[in-house]
Asker: 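Quick one: structure below, then a few questions.
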Amino acid sequence: MDSHILPADLPNSKLNDYNYEQGFDEHLLVNSEYADCFSCPICHGIPRSPVIIKLCGHLFCECCLAKQIEAYKYEEDDEAVLQCAVCKGHFQDSHVLPFEQFYTAVKKAYHLVRLRCPSGCAFIGDPQEMDHHESFQCVQREVRCPSKGCEVKMPFHQLRDEHVAICPKVMIYCDSCLLPVTREHLKDHNCKERMAAAIKGISQFIFPF
């Protein structure tokens, strides 16, 4: 009896990888007139999480700016001084505005941008919607099998429809004793020994002394 239910929002295996977190390629734009308005000058993509240096007005991907900050940072009077990667103007961390602090008009314009899914599915959305879709919803996204000890990575739909049914690390329930066991150990599973161990564990939990 299979007990494994694959989470529908299993995260993309590339999350937190710098190359993945960079902006969306401009060829994915449905309305290309916005390309110049919201293009990161470092990766030349449409930012997933845009930030603006308010002193000079340059817009970046959050991850791209963070990487550039490390490259251009220097100390002055015990205070970190940063340089814009575009104009080399000086700024401090407090001068970087997250998307939530953008002017309302800028945020509305950003949400007008429409992108096609990088994995080729039919989904179209603004950059933030696309980021969530590609990270947690697209059936084409690459995911890692959540079973402990399994390192398989493949498209979500393939993991769901094919791999889970044969993965040796998937936890299933024994039809006889109803205790969980990995598929690879089911053949050698001893119901009496597992039942005894389970009862002993429960007893120690209830009567610890």
Side-chain angles (χ1 to χ4, degrees), residues 9-76 79-144 153-157 159:
D9 60 350
L10 203 62
N12 194 311
S13 62
K14 299 175 184 176
L15 273 179
N16 300 319
D17 179 273
Y18 173 67
N19 291 327
Y20 174 82
E21 298 292 345
Q22 287 182 349
F24 294 103
D25 195 302
E26 292 184 358
H27 83 273
L28 299 171
L29 280 165
V30 175
N31 43 358
S32 58
E33 64 268 24
Y34 292 101
D36 292 336
C37 299
F38 296 103
S39 178
C40 173
I42 296 174
C43 70
H44 305 292
I46 307 301
R48 297 168 183 266
S49 298
V51 293
I52 287 178
I53 301 174
K54 65 181 180 181
L55 296 183
C56 61
H58 288 123
L59 178 143
F60 298 87
C61 295
E62 184 177 16
C63 66
C64 290
L65 183 59
K67 193 168 185 177
Q68 286 296 309
I69 281 174
E70 290 304 311
Y72 286 97
K73 187 189 309 184
Y74 66 92
E75 298 292 325
E76 183 177 279
E79 186 175 17
V81 177
L82 313 171
Q83 288 184 318
C84 174
V86 178
C87 65
K88 300 300 186 292
H90 294 175
F91 68 98
Q92 297 173 3
D93 284 333
S94 60
H95 298 142
V96 178
L97 296 180
F99 180 76
E100 293 74 20
Q101 296 181 24
F102 285 15
Y103 287 122
T104 300
V106 177
K107 288 193 285 188
K108 286 183 177 179
Y110 179 76
H111 286 305
L112 290 175
V113 175
R114 288 291 177 269
L115 298 160
R116 290 182 289 272
C117 177
S119 298
C121 81
F123 184 82
I124 292 177
D126 68 39
Q128 290 184 333
E129 292 170 338
M130 188 59 69
D131 180 49
H132 183 75
H133 168 77
E134 188 184 18
S135 298
F136 301 105
Q137 296 177 329
C138 182
V139 295
Q140 302 283 0
R141 71 190 186 279
E142 182 185 81
V143 297
R144 186 188 302 275
K153 291 192 291 186
M154 60 177 57
F156 176 82
H157 70 89
L159 191 81

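Atom set for the values below is all heavy atoms of this structure, side chains included, hydrogens, waters and symmetry mates excluded. None of the values given here were measured: they were computed from a predicted structure. All residue numbers in this chain count up from 1 along the given sequence.
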Asker: To the nearest 0.5 Å, what is the distance between CZ (Arg141) and CE (Met154)?
Answerer: 13.5 Å
Asker: Scan for salt bridge (charged side-chain N to carboxylate O under 4.0 Å, His left out) pairs involving residues 11-32, sequence neighbours excluded, and state none if there are none.
Answerer: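 Qualifying pairs: none.
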Asker: Considering only heavy atoms from C-beta outward, does the side chain of Leu97 approach that of Ile53 to under 4.5 Å?
Answerer: no
Asker: For residues Ser135 and Leu15, report the shortest heavy-atom separation together with the two atoms involved.
Answerer: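 In terms of heavy atoms, the two residues are closest at OG-CD2, 3.5 Å.
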Asker: Rounded to the nearest 0.5 Å, how far does SG of Cys84 lie from CG of Leu55?
Answerer: 10.0 Å
Asker: With Leu59, which of Cys37, Ser39, Pro50 fulfils side chain to side chain contact (heavy atoms under 4.5 Å, CB included)?
Answerer: Pro50
Asker: Between Arg144 (side chain) and Pro11 (backbone), is there a donor-acceptor pair under 3.5 Å?
Answerer: no
Asker: Tell me, please, which residues at least two apart from Arg114 pass side chain to side chain donor-acceptor pair (under 3.5 Å).
Answerer: none
Asker: Sequence neighbours left out, what pairs pass salt bridge (charged side-chain N to carboxylate O under 4.0 Å, His left out) with at least one residue falling in residues 42-63?
Answerer: Arg48-Asp131, Arg48-Glu134
Asker: Using a 6.0 Å cut-off, check whether atom CG of Asp36 has over 12 heavy atoms from anything other than its own residue.
Answerer: no
Asker: Could you pull out the closest heavy-atom pair between Cys64 and Tyr18, with the gap in Å?
Answerer: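 For Cys64 and Tyr18, the tightest heavy-atom pair comes out as SG-OH, 3.5 Å.
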Asker: With rounding to the nearest 0.5 angstrom, report the NE2 to CG distance, His90 to Leu82.
Answerer: 9.5 Å
Asker: Would you say the side chain of Val143 lies within less than 4.5 Å of the side chain of Asn12, judging by non-hydrogen atoms?
Answerer: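 The answer is no, as the side chains (C-beta and beyond) never meet within the 4.5 Å cut-off.
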Asker: For a quick test of reading the model, state the closest non-hydrogen atom pair linking Met130 to Gly125 and the distance between them.
Answerer: CE-N, 3.8 Å
Asker: Sequence neighbours left out, what passes side chain to side chain donor-acceptor pair (under 3.5 Å) with Ser49? Give chain and number order.
Answerer: none
Asker: Would you sort out whether Leu65 and Val96 count as a side-chain contact (heavy atoms from CB on, under 4.5 Å), showing the intermediate values?
Answerer: CA-CA 9 Å; Leu65 183 59; Val96 178; 3.9 Å; yes
Asker: Flag the pair Cys117 / Ile124 as yes when at least one side-chain heavy-atom distance between them is below 4.5 Å, and no otherwise.
Answerer: no
Asker: Would you give the length of the straight line joining atom SG of Cys138 to atom CZ of Phe156, rounded to the nearest 0.5 angstrom?
Answerer: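 It comes to 10.5 Å.
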Asker: Who passes side chain to side chain donor-acceptor pair (under 3.5 Å) against Glu142, sequence neighbours left out?
Answerer: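 Counting only residues at least two positions away or on another chain, Glu142 forms a side chain to side chain donor-acceptor pair (under 3.5 Å) with Ser13.
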Asker: Going by ring pair (Phe, Tyr, Trp, His ring centres under 6.0 Å), name the residues that satisfy it together with His111, two or more places apart in sequence or in a different chain.
Answerer: Phe99
Asker: Which pairs count as ring pair (Phe, Tyr, Trp, His ring centres under 6.0 Å) when at least one residue sits in residues 37-62, sequence neighbours excluded?
Answerer: Phe38-Tyr110
Asker: Say you draw a straight line from CG of Leu10 to CG of Leu159; how long is it, rounded to the nearest 0.5 Å?
Answerer: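 Here the interatomic distance stands at 7.0 Å.
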Asker: Grab the two heavy atoms, one from Cys61 and one from Cys40, that are nearest each other, plus how far apart they are.
Answerer: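 Looking at all heavy atoms of both residues, the closest pair is N-SG, 3.5 Å.
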Asker: Do Leu115 and Pro127 touch side chain to side chain, with heavy atoms closer than 4.5 Å?
Answerer: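 Counting from C-beta outward, Leu115 and Pro127 do come under 4.5 Å.
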Asker: Taking salt bridge (charged side-chain N to carboxylate O under 4.0 Å, His left out) as the cut-off, I'd like each qualifying pair that reaches into residues 115-128, sequence neighbours left out, listed once.
Answerer: none
Asker: Output all residues satisfying side-chain contact (heavy atoms from CB on, under 4.5 Å) with Pro155, sequence neighbours left out; order by chain, then residue number.
Answerer: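 With sequence neighbours excluded, Pro155 shows a side-chain contact (heavy atoms from CB on, under 4.5 Å) to His157, Gln158, given in chain and number order.
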Asker: Keeping to residues at least two apart or across chains, list the ring pair (Phe, Tyr, Trp, His ring centres under 6.0 Å) pairs with something in residues 114-139.
Answerer: Phe123-His133, His132-Phe136
